[in-house]
Asks: 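Shown below is the structure under consideration.
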Amino acid sequence: MINQRGTAVWNGDIKGSGEISTQSGTVKAPYSVGARFEGQKGTNPEELIGAAHAGCYTMFLNSILSKDGKQVKQLHTESKVTLDTSGDVPKVVKISLTTEGEVEGISQEEFQQYAEKAKENCPISVLLKAVPEMELASAKLK
């Protein structure tokens, strides 16, 4: 079993601010209501979820391609997390993945199948199954 930690510190009331960090110390970033809802400088939970999802998905896609002997040159993935703020409480309502790969000896159709398999099975995708909609919006070869 592997355990990883993230921490958050908040100072003041809801108009205050805080810092989010990771166990490794690689991420140490300010966050606030302004950064989350108003486009101000800093990070927010949805952006960090998107980054974690893109990272996990890309590693998983690479793993399943490599296990089948495919030569991966590069994979690039974006995970767009949509937060609906129209109701009484904000809710993550959609996650949209787009991925592009440079993979030798594979057809577009095969790449699409691998990309779908990664969407369904990477650990963070599995964790995020509570999100009402998760789509693979695009999977294309360079």
Asks: Once you round to the nearest 0.5 Å, how far does SG of Cys56 lie from CZ of Phe60?
Replies: 8.0 Å
Asks: Looking at side-chain heavy atoms only, is the closest gap between Ile95 and Thr82 below 4.5 Å?
Replies: no
Asks: Mind checking whether Val81 and Leu97 sit in one hydrophobic cluster, side chains of I, L, V, M, F, W, Y counted as touching below 4.5 Å?
Replies: no
Asks: Check the pair Leu141 / Val103 against side-chain contact (heavy atoms from CB on, under 4.5 Å), numbers first and verdict last.
Replies: CA-CA 7 Å; Leu141 290 170; Val103 185; 4.2 Å; yes
Asks: Do Ile14 and Phe37 sit in the same hydrophobic cluster, where Ile, Leu, Val, Met, Phe, Trp and Tyr count as joined when their side-chain heavy atoms come under 4.5 Å apart?
Replies: yes
Asks: Is it the case that one hydrophobic cluster holds both Val93 and Ile49, taking links as side-chain heavy atoms less than 4.5 Å apart, direct or via other members?
Replies: no
Asks: Are any side-chain N or O atoms of Asn121 and backbone N or O atoms of Lys117, one a donor and one an acceptor, separated by less than 3.5 Å?
Replies: yes
Asks: Over all heavy atoms of both residues, which pair between Arg36 and Pro45 is shortest? Give the atoms and the distance, please.
Replies: NE-CD, 3.9 Å
Asks: On a heavy-atom basis, which atom in Cys122 and which in His53 lie closest, and how many Å separate them?
Replies: SG-CD2, 4.1 Å
Asks: So how far is it from Ser79 OG to Tyr57 OH, rounded to the nearest 0.5 Å?
Replies: 10.0 Å
Asks: What are the two closest non-hydrogen atoms of Leu83 and Pro90, and how far apart are they?
Replies: CD1-CB, 3.9 Å
Asks: Does Lys80 NZ have over 12 foreign heavy atoms under 6.0 Å away?
Replies: no
Asks: Nearest 0.5 angstrom please: Ser32 OG to Asn11 CG, how far?
Replies: 12.0 Å
Asks: Looking at CD1 of Ile20 and CG of Asn44, how far apart are the two atoms once the value is rounded to the nearest 0.5 Å?
Replies: 7.5 Å
Asks: Could you tell me if the side chain of Thr98 sits less than 4.5 Å from the side chain of Leu136, heavy atoms only?
Replies: no
Asks: Take Lys129 and Glu120 through the test side-chain contact (heavy atoms from CB on, under 4.5 Å) and record every step on the way to the result.
Replies: CA-CA 9 Å; Lys129 293 240 187 231; Glu120 292 301 318; 3.0 Å; yes
Asks: To the closest 0.5 Å, what do you measure between CD (Gln108) and CD (Gln113)?
Replies: 10.5 Å
Asks: I'd like to know if the side chain of Asp84 and the backbone of Ser86 have a donor-acceptor N/O pair within less than 3.5 Å.
Replies: yes
Asks: So which atom in Val131 and which in Val92 form the shortest heavy-atom distance, rounded to 0.1 Å?
Replies: CG2-CG1, 3.9 Å
Asks: Report the C-alpha distance between Tyr114 and Lys70 in whole Å, list the side-chain angles of each, state the deciding distance to 0.1 Å, and finish with yes or no for side-chain contact (heavy atoms from CB on, under 4.5 Å).
Replies: CA-CA 11 Å; Tyr114 280 101; Lys70 309 302 180 195; 3.6 Å; yes
Asks: Does anything in residues 90-110 pair up under salt bridge (charged side-chain N to carboxylate O under 4.0 Å, His left out), and if so which pairs, sequence neighbours excluded?
Replies: Lys73-Glu104, Lys94-Glu133, Lys94-Glu135, Glu100-Lys142, Glu102-Lys142
Asks: Is there a donor in the side chain of His76 and an acceptor in the side chain of Thr99, or the other way round, less than 3.5 Å apart?
Replies: no
Asks: Answer yes or no: are there more than 12 heavy-atom neighbours, outside Lys15 itself, under 6.0 Å from its atom NZ?
Replies: no
Asks: Dump the intermediate steps for side-chain contact (heavy atoms from CB on, under 4.5 Å) on Asn3 and Gln23, then the final yes or no.
Replies: CA-CA 10 Å; Asn3 294 300; Gln23 175 181 329; 6.0 Å; no
Asks: In Å and rounded to the nearest 0.5 Å, what is the OG to CD distance from Ser66 to Gln71?
Replies: 7.5 Å
Asks: Please tell me whether Leu61 and Met59 are part of a single hydrophobic cluster in this structure, the criterion being side-chain heavy atoms less than 4.5 Å apart.
Replies: no
